[in-house]
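Reading through the structure tokens given below for one structure.
Quick caveat, the model's predicted, so the values are computed rather than measured. Throughout, protein chains are lettered first and strands after them, A, B, ... in sequence-line order, and every chain is numbered starting at 1.
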There are 2 protein chains.
Amino acid sequence: MSKEKISVQENKKMATIRDISLKCGVSVSTVSKVLNGYREIGEETSKAVMKAAEELGYVPNSYARQLKLKKSYNIGVLFDTLSVYGLKNEYFAHILAALRENASQGGYDITFIENNIGNRRMTYLEHCKYRNFDGICIVCADFTNPEVLDVVNSDFPVVTIDHSFNEAISILSDNSGGMRDLAQYIVSMGHKKIAYIHGNKSSVTHNRLVAFHQVLAEHDIVIPEYYMKEGEYRLAESAEEFTYELLNLSDRPTCILASDDYAALGVIKAIKRAGLRFPEDISVAGFDGISISQALEPKLTTVKQDTEKLGEQAAKKLICLMESPMTTPLEHIVLKAELIIGDSVKKLR
Amino acid sequence: MSKEKISVQENKKMATIRDISLKCGVSVSTVSKVLNGYREIGEETSKAVMKAAEELGYVPNSYARQLKLKKSYNIGVLFDTLSVYGLKNEYFAHILAALRENASQGGYDITFIENNIGNRRMTYLEHCKYRNFDGICIVCADFTNPEVLDVVNSDFPVVTIDHSFNEAISILSDNSGGMRDLAQYIVSMGHKKIAYIHGNKSSVTHNRLVAFHQVLAEHDIVIPEYYMKEGEYRLAESAEEFTYELLNLSDRPTCILASDDYAALGVIKAIKRAGLRFPEDISVAGFDGISISQALEPKLTTVKQDTEKLGEQAAKKLICLMESPMTTPLEHIVLKAELIIGDSVKKLR
DNA sequence: CTGAAAGCGCTTACAG
DNA sequence: CTGAAAGCGCTTACAG
């Protein structure tokens, strides 16, 4: 009975440096030095301290530690849950997974940046200050939101993904290159009537659109403006609707590009529901290269963004920036986006 | 020039309670009381303090706060990145999104539990102690790992998802009920030769298998043991391989259940590649109800787990447990899993 | 209504 | 080789 009580108590109350010092009969300074690996402490003493720490199940208290050291070993991740973005989008979820993996290997934890804490409302930047993040990674956010810009312009080390600023390191896929390769390939398959249900306006969307039009221009291909539709990223339903519109045209396209792979599913669905054959009658291409795109039959032709590397680079560059700000340039890193040729684009004779 | 310097400096150095007290000519105690809304401070003083805090852009320091208050407003999330689980699985990613959303609304931040920090290795439990989490949610983890069990058995408030323990609150889908409904439906569509490529062993898998066999037994349906295959959750490739084996049987099944929707894609792919028609020749059903399952044509028949509610309940129950441990029972909450009838199971005459 | 003091758990010059 | 002391930023009995 009394034994239980003690064990519960020991469990509940976390051992402090003070407990160790008491148990060993040395000062807290000495204990601290041993625990931090200072070589100046005598071997005897060191051993005793280590033993006591072990026995007491001592774990340092990060809060006390950080209060002194001004270092939290914690990275704030801005991951807006805008409608269809965020964790529900495999693209971002995979980036986060890689980011976390690499941050952890570098010794940093990850905490989501929020708009409030306890019952008080906070801006993103205030939240970052409150939690004393060592650095910040903006994975997906509305970059027109002033709160987001405040974070970018703050004194925190910042890395952004999919968006570049002068004030921060940014990691991007080569959207232009990826789209160029894709468009080039589609043209090479004999398509001239190519429609594009692109995503909502953003710098990423813009770059893809430009590349798309450039390739067409280079091949003297002119498409009617009603071949261009502004859908919503990731929304299969939205893409499905626009596809019906395209299929109803008298000069219907022979190939439809979707804003991303999720949207491509909507396009394919519409084609089948309209009683047409896919890809025999209408070809389709996606973007992102999410896992299911390759599990489909026929496989989807798409552009694979290297989420693994995007997350990895974000973490690594951020750690560099946090640990040696003076020797880390605020560069824009562009990662190759790879064309994946599936069977969803038919060769026209 | 000097102006810039000052502004940079002001930005960099975060204002403390002390700065406010200096600016107002009152004590730090008084400032603290005003900031914390104690009603005892004079109106004049209060106003002055609030104004100064505003002007200095004061944000409290969570580390100092927690050191005193023993409350971190931070929830640790155990989210193992086992091979194909974790963030790469839409099921878990959606649960995490809902969990985060609800935790945030309740005033709590979310930090991933890791195995190390800085350059020192830590167990999961040590990490939790280090970060002083107020509570812990185990979303996906290997429950045979002793480190995980240590967390469950610790004094931290714990909520687990998809796995029950006596020592913690658990939130689960009604896997039995969902599978019963699915199996019942398939049988009602006239299928008797039903194969099941189930996932690797776990309590969840077990419950689904039991329900599956019960329904068959109730209908006096006997299936050969080679209709049962142990695949890997989420791995389309694995399911695809097993499907070829099933299709090569002389008494091939008329319907194949997959461990989950991702795996179902592999099954469908194999059927098509084998030159058979889907769903005319072979029917397919999945599990989980991830978003793409409904974007496919034909739509997949599956069982939708309510990830929204799983995450929500996990957050809400954990907050209850943290804030009023004495009045919060350690219950096991089972959430309805809904049969979604698509067009992937054909009616046999 | 206000403030001095103690203390949360830790680290690190500094002195010996 | 070891320890006393100061301090990180905050809160809260306690005294006035």
Side-chain angles (χ1 to χ4, degrees), chain A residues 12-50 52-53 56-74 117-118 120 126 129-134, chain B residues 12-50 52-53 56-74 117-118 120 126 129-134:
Chain A
K12 203 83 194 175
K13 260 206 160 330
M14 299 200 191
T16 70
I17 219 175
R18 174 112 251 264
D19 297 328
I20 300 177
S21 88
L22 251 36
K23 183 154 183 171
C24 298
V26 296
S27 74
V28 293
S29 327
T30 302
V31 173
S32 176
K33 282 168 196 156
V34 172
L35 260 22
N36 286 301
Y38 285 39
R39 315 292 264 87
E40 60 199 74
I41 307 295
E43 203 174 326
E44 292 277 285
T45 317
S46 289
K47 271 188 186 158
V49 168
M50 293 308 266
L56 292 170
Y58 173 79
V59 177
N61 179 326
S62 65
Y63 289 81
R65 205 131 193 278
Q66 129 78 14
L67 197 55
K68 271 306 292 183
L69 300 183
K70 306 289 176 207
K71 171 112 181 134
S72 61
Y73 286 105
N74 202 182
I117 191 71
R120 46 179 117 180
E126 285 170 345
K129 290 182 178 175
Y130 177 76
R131 286 281 179 210
N132 284 288
F133 295 128
D134 291 338
Chain B
K12 202 85 196 173
K13 260 206 163 324
M14 298 193 191
T16 70
I17 219 176
R18 175 111 249 267
D19 297 328
I20 300 178
S21 88
L22 252 36
K23 183 155 183 170
C24 298
V26 295
S27 74
V28 293
S29 325
T30 302
V31 173
S32 176
K33 281 169 197 154
V34 172
L35 261 22
N36 286 301
Y38 285 40
R39 315 290 267 87
E40 60 200 72
I41 307 295
E43 203 174 325
E44 292 276 286
T45 318
S46 288
K47 272 188 186 157
V49 168
M50 293 308 265
L56 291 170
Y58 173 78
V59 176
N61 179 326
S62 65
Y63 288 83
R65 204 129 193 278
Q66 130 77 15
L67 198 54
K68 271 305 292 184
L69 300 183
K70 305 291 177 204
K71 172 113 181 133
S72 61
Y73 286 105
N74 203 182
I117 191 70
R120 47 178 114 179
E126 284 170 345
K129 291 182 178 175
Y130 177 74
R131 286 282 179 211
N132 284 287
F133 296 128
D134 291 338

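Looking at heavy atoms from C-beta onward, B:M50 lies in side-chain contact with B:L35 at the 4.5 angstrom threshold.
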TODO: Could you summarise the pairing of DNA chain C as dot-bracket text, marking Watson-Crick and G-U pairs under 3.5 Å with ( ) or [ ] inside the strand and | across strands?
DONE: |||.||||||||.|||
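For D:dT12, one of the phosphate oxygens OP1 or OP2 lies less than 4.0 angstrom from a side-chain nitrogen or oxygen of B:Y38. Between A:K70 and D:dG9, a side-chain N or O to OP1/OP2 separation shorter than 4.0 Å is present. For A:T45 and D:dT2, the shortest distance from a side-chain N or O to OP1 or OP2 is below 4.0 Å. The side chain of B:N61 contributes no N or O atom lying less than 4.0 Å from OP1 or OP2 of D:dC8. Contact check, B:R65 against D:dT11: a side-chain N or O comes under 4.0 Å of OP1 or OP2.
In this structure, CZ of A:R120 is placed 10 Å from P of D:dC10, rounded to the nearest angstrom. Distance OH (A:Y130) to P (D:dG9): 16 Å, rounded to an integer number of Å. Atom-to-atom, CD of B:E40 to C1' of D:dA15 comes out at 13 Å; the value is rounded to the nearest Å. At whole-Å resolution of the value, CG in B:L35 and P in D:dT12 are 12 Å apart. Across the protein-nucleic acid pair, B:Y63 atom OH and C:dT11 atom P stand 14 Å apart, rounded to whole Å. Between the NZ atom of B:K71 and the P atom of D:dT11 there is a distance of 15 Å, given to the nearest Å. Rounded to a whole Å, the CG atom of A:D19 is 13 Å from the C1' atom of C:dC10. One atom, CG of B:L67, and another, P of D:dG7, lie 17 Å apart when rounded to the nearest Å.
Contact between B:I20 and B:A52 at its shortest, heavy atoms only, is CG2-CB, 4.0 Å. Nearest heavy-atom pair, B:N132 versus B:S72, reported as atom, atom and distance to 0.1 Å: O-OG, 2.6 Å. Between B:C24 and B:A48, the shortest heavy-atom distance links the atoms SG-O, 3.6 Å. Contact record, B:K70 with B:D134: O-OD1, 4.5 Å, taken as the closest heavy-atom pair.
Considering only the side chain of A:Y58, C:dC10 comes nearest among C:dT12, C:dC10, D:dT11.
Residues from residues 22-33 of chain A placing a heavy atom under 4.0 Å of any atom in DNA chain D, listed by number, are A:V26, A:S27, A:S29, A:T30, A:K33.
Put simply, the residue from B:T16, B:D19, B:V49 that forms a side-chain contact (heavy atoms from CB on, under 4.5 Å) with B:V31 is B:V49.
In this structure, B:S27 OG and B:K33 NZ are separated by 6.5 Å, a value rounded to the nearest 0.5 Å.
A donor-acceptor contact shorter than 3.5 Å is absent between the side chain of B:N36 and the backbone of B:Y38. Counting only distance, with no hydrogens or angles, the side chain of B:S46 and the backbone of B:V34 share no donor-acceptor pair below 3.5 Å.
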